[in-house]
Protein chains: 2
Amino acid sequence: MKKKATLADVAAAAGVSKMTASRALRGVRDVSKINIARVREAAQELGYVGNFLAASLSSQRSDLIGVVVPNLTNIVFAQVLSGISEGIAGSGVQPVFGVTDYDLDKEYDIIRNMLSWQPAGLIVTGLDLPEQTRRLLENAEIPVVQIMDVDGDPVDACVGFSHIRSGEEIAQALLGAGLRKFGYAGCALTMDVRAAKRRIGFQRALIQNGLDFVEEVEAFELSSIAAGRSLTEQLLTKAPDLDCIYYSNDDVAAGGLFYCIEAGIAVPDQVALAGFNGLSIASGFPGRIATVRTPRREIGKQAAGIICSALEGKVVSGTSVELVPQVDLGLLEGRRG
Amino acid sequence: MKKKATLADVAAAAGVSKMTASRALRGVRDVSKINIARVREAAQELGYVGNFLAASLSSQRSDLIGVVVPNLTNIVFAQVLSGISEGIAGSGVQPVFGVTDYDLDKEYDIIRNMLSWQPAGLIVTGLDLPEQTRRLLENAEIPVVQIMDVDGDPVDACVGFSHIRSGEEIAQALLGAGLRKFGYAGCALTMDVRAAKRRIGFQRALIQNGLDFVEEVEAFELSSIAAGRSLTEQLLTKAPDLDCIYYSNDDVAAGGLFYCIEAGIAVPDQVALAGFNGLSIASGFPGRIATVRTPRREIGKQAAGIICSALEGKVVSGTSVELVPQVDLGLLEGRRG
DNA sequence: ACTGATATGGATACCGGTACCGATACCAGT
DNA sequence: ACTGGTATCGGTACCGGTATCCATATCAGT
């Protein structure tokens, strides 16, 4: 095999025209069974693979949808992607992923790059986009679904939940369980806008009840178990009498839990821990961490669904799907203050 | 903005020919500063984005590299991807990811699909490919780097480590620490070929020492903490006097550790746990789980490096880079049987 | 002023497919 | 035999860029 076989080669080998070969391989319109077989065989024989570039340049459509997420080491986004895969199953479109590492310039570049592939639609994480990025999306003339958040104004459509409200709600639940002395431990809040929103919501609920965080600590690295351990240690050193720590997410909270277990601190009796996301890591010690369970797969699935229905011509601009995450107090459940 | 601007529009707006506009935007050859400025401005004005499909169809190259991994919910692969990103930094190539979910048919489809984008290179997880998939890669005429394994025969090049040997080595280390009654707990071994290889290596070392697994349990779901918990419970019920459990990886092992902590079983004194990968989840309880630390980012980085040097014309076919993972006994360190 | 080198711009021919429309063959009906 | 319909194919013109080669302009040196 010296040179990659093209459709013309296949057609020649099958003794038909390029057009007939093209139709035969795509299974479209009327081609005689005999020719379909001949073309298939020739393609097989030559190891013909097809050229997506030429095909979609010519047909002016592409079956590609771009998916932009900030991070993959946080399983949350891996689950969103898997939801997307589920949502597009059978629709013939194919997702292409891009990871921004929470870097806004990189995000702009990635989106621009994706647009240059002429995708049929785009799924982008977050609502808070820089002006320039937003313009890019507005001018793209393809359906754009923003995910994971609804606290803001989408370019086109969005699927997610309110982080502010979810912070408020778990705060209220914890207050309802009688907790009063709250600490906060978070990672990378300047980058993770949504974690910051949750903190705001949580704090707002505290203030409404005449309280506030007694102490706060922050790490600038990305969230991790290790960061959770050390933040918890810091926090409990500064303020040993806390009765609850709110973390920016479950990874950090799990680190806190592990620290407490080793330090012999009873969770949740001596100090309660609350995180966010309902991650499986927290299920290592069922119920010990209060959390907010978020419908990640569902978000991916619905986002994909919106893109698909947009491709079928439905108008999706303006749709905003708010899913409701669920507060899970774990072992604190049923406790009364 | 009614219609997407093309290069011709930009050229017209800038008062130059398509070619000059093309050259100006790519910064190639000599274009007068004045025209570069004019074209840039026109492009900006029109929100021109460029068309990757047309560009690479025309130039017959694509600076795309396809990356195929089995799974994203296992952080290992996310880290490999991040290593790849690092490895290609500055080289101008762009990675595109595909996830197979350990499904061989899906793998074939994804690879085929990627090839249809005319990528400049491919990075594929694993050496054990079905015949058909292998042929596809062999005929592709682009550099193919297979990662995560070296126990086998690569299509082109590979970067990884020996799973068989890594199983043997940790077994020997555990034997050296005086452990004798081994159990095995694994997830999805038929799908995860490499986990199966580690088990083989481990068992081989046991047999060489006149031992074998006392008891084995397997779950058919993908590895998870929850699976680790329940497998461990099963295993210790069947064989309460085990002094060491070897798990298919650290996720499962972490589940085991959590189970033991809650059940009041001292780790590693009463029963030692050994996993694979050196995942951060195991760092929640430092040293409690023996593991084999694998250079995941490094694998990604080197794989990307190989692709890049192939693109510069170097012959890479036949290169096989074996990295050496590191046995970490954790708290068992220094113990003597 | 003429020559050659250097810098810069454009015309043309593709890249590998597909849309669109017209051509051909074959057959039933009258 | 002729007409019209159906089924099946092929020719041509693109899609939006880039490679290649040629044309022109400019300028220093003699």
Side-chain angles (χ1 to χ4, degrees), chain A residues 3-40 42-43 46-64 92 112-113 115-120 140-141, chain B residues 3-40 42-43 46-64 92 112-113 115-120 140-141:
Chain A
K3 198 66 182 31
K4 281 240 285 288
T6 73
L7 185 61
D9 300 330
V10 174
V16 298
S17 74
K18 264 174 64 177
M19 272 320 300
T20 302
S22 168
R23 290 196 275 251
L25 290 175
R26 283 179 298 155
V28 83
R29 263 199 37 181
D30 322 282
V31 181
S32 60
K33 295 201 194 327
I34 176 77
N35 272 338
I36 290 182
R38 265 206 273 267
V39 171
R40 288 248 174 86
L46 296 173
Y48 174 71
V49 172
N51 186 326
F52 166 81
L53 276 52
S56 44
L57 175 62
S58 172
S59 65
Q60 299 287 79
R61 5 186 221 87
S62 90
D63 306 352
L64 239 51
R112 207 186 152 84
N113 202 297
L115 288 177
S116 81
W117 302 1
Q118 318 295 113
E141 315 243 331
Chain B
K3 198 66 182 33
K4 281 240 286 288
T6 73
L7 186 61
D9 301 329
V10 174
V16 298
S17 74
K18 263 173 64 176
M19 268 323 296
T20 302
S22 169
R23 289 197 275 248
L25 290 175
R26 284 179 298 154
V28 82
R29 253 196 47 176
D30 317 287
V31 180
S32 61
K33 295 201 193 330
I34 176 79
N35 272 338
I36 290 183
R38 266 206 272 266
V39 171
R40 289 248 175 86
L46 296 172
Y48 174 69
V49 173
N51 187 325
F52 166 82
L53 285 77
S56 43
L57 175 61
S58 171
S59 65
Q60 298 288 75
R61 22 194 203 76
S62 89
D63 61 16
L64 236 51
R112 205 186 153 84
N113 201 296
L115 288 177
S116 81
W117 302 1
Q118 319 294 116
E141 315 243 330

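Everything quoted here is computed from the prediction, not taken from an experiment. We name chains A, B, ... by the order of the sequence lines, and we start the count at 1 in each one.
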query: From the list C/dG17, D/dG16, D/dG10, which nucleotide is the closest neighbour of the side chain of A/Leu7?
result: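 Selected nucleotide (nearest to the side chain): C/dG17.
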Is there a donor and acceptor pair closer than 3.5 Å between the side chain of [X] and the base of [N]?
{"X": "B/Arg26", "N": "D/dG17", "value": "no"}
{"X": "A/Lys18", "N": "C/dG17", "value": "yes"}
{"X": "B/Ser58", "N": "D/dG17", "value": "yes"}

Is [X] near enough to [N] that one of its side-chain N or O atoms lies under 4.0 angstrom from OP1 or OP2?
{"X": "A/Arg61", "N": "C/dA19", "answer": "yes"}
{"X": "A/Tyr48", "N": "C/dG17", "answer": "yes"}
{"X": "A/Gln60", "N": "D/dG16", "answer": "yes"}

Can you see which heavy atom on [X] is nearest to which on [Y], and at what distance?
{"X": "B/Arg40", "Y": "B/Ala24", "value": "NH2-O, 4.4 Å"}
{"X": "A/Lys4", "Y": "A/Asp9", "value": "O-OD2, 4.0 Å"}
{"X": "A/Leu115", "Y": "A/Ala140", "value": "CD2-CB, 3.7 Å"}

field: Pairwise 5' ranking along DNA chain C for B/Gly15 and B/Ala54, keeping only the more 5' one
entry: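 First, find each residue's nearest nucleotide; the 5'-ward one identifies B/Gly15.
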task: Find which nucleotide of DNA chain C each of B/Ser17 and B/Leu57 is nearest to by heavy atoms, and output the residue with the more 5' nucleotide.
output: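 First, find each residue's nearest nucleotide; the 5'-ward one identifies B/Ser17.
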Could you state the [atom1]-[atom2] distance from [X] to [N], rounded to the nearest angstrom?
{"X": "A/Asn51", "N": "D/dC15", "atom1": "CG", "atom2": "C1'", "answer": "13 Å"}
{"X": "A/Ile36", "N": "D/dA7", "atom1": "CD1", "atom2": "C1'", "answer": "12 Å"}
{"X": "B/Asn35", "N": "C/dT8", "atom1": "CG", "atom2": "P", "answer": "10 Å"}
{"X": "B/Leu25", "N": "D/dT18", "atom1": "CG", "atom2": "P", "answer": "8 Å"}
{"X": "B/Gln118", "N": "C/dC15", "atom1": "CD", "atom2": "C1'", "answer": "10 Å"}
{"X": "B/Leu53", "N": "C/dT18", "atom1": "CG", "atom2": "C1'", "answer": "13 Å"}
{"X": "B/Arg23", "N": "D/dC21", "atom1": "CZ", "atom2": "P", "answer": "13 Å"}
{"X": "A/Ile34", "N": "D/dA7", "atom1": "CD1", "atom2": "P", "answer": "19 Å"}

Side-chain donor/acceptor of [X] to backbone N/O of [Y], under 3.5 Å:
{"X": "A/Ser56", "Y": "A/Phe52", "result": "yes"}
{"X": "B/Ser22", "Y": "B/Lys18", "result": "no"}
{"X": "B/Ser116", "Y": "A/Gly50", "result": "no"}
{"X": "B/Ser58", "Y": "B/Ala54", "result": "no"}

message: Quick one, A/Asn51 with A/Thr6, criterion side chain to side chain contact (heavy atoms under 4.5 Å, CB included). Give me CA distance, side-chain angles, the key distance, then yes/no.
response: CA-CA 8 Å; A/Asn51 186 326; A/Thr6 73; over 6 Å; no
- prompt: How bent is the helix from C/dA1-D/dT30 to C/dT30-D/dA1, comparing axes over its five end pairs at each side, to the nearest 10°?
  reply: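 Between the first-five-pair axis and the last-five-pair axis there is 50°.
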message: Return whichever of A/Lys33 or B/Met19 has its heavy-atom-nearest nucleotide of DNA chain D closer to the 5' end.
response: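 Checking each residue's closest nucleotide, the 5'-ward one belongs to A/Lys33.
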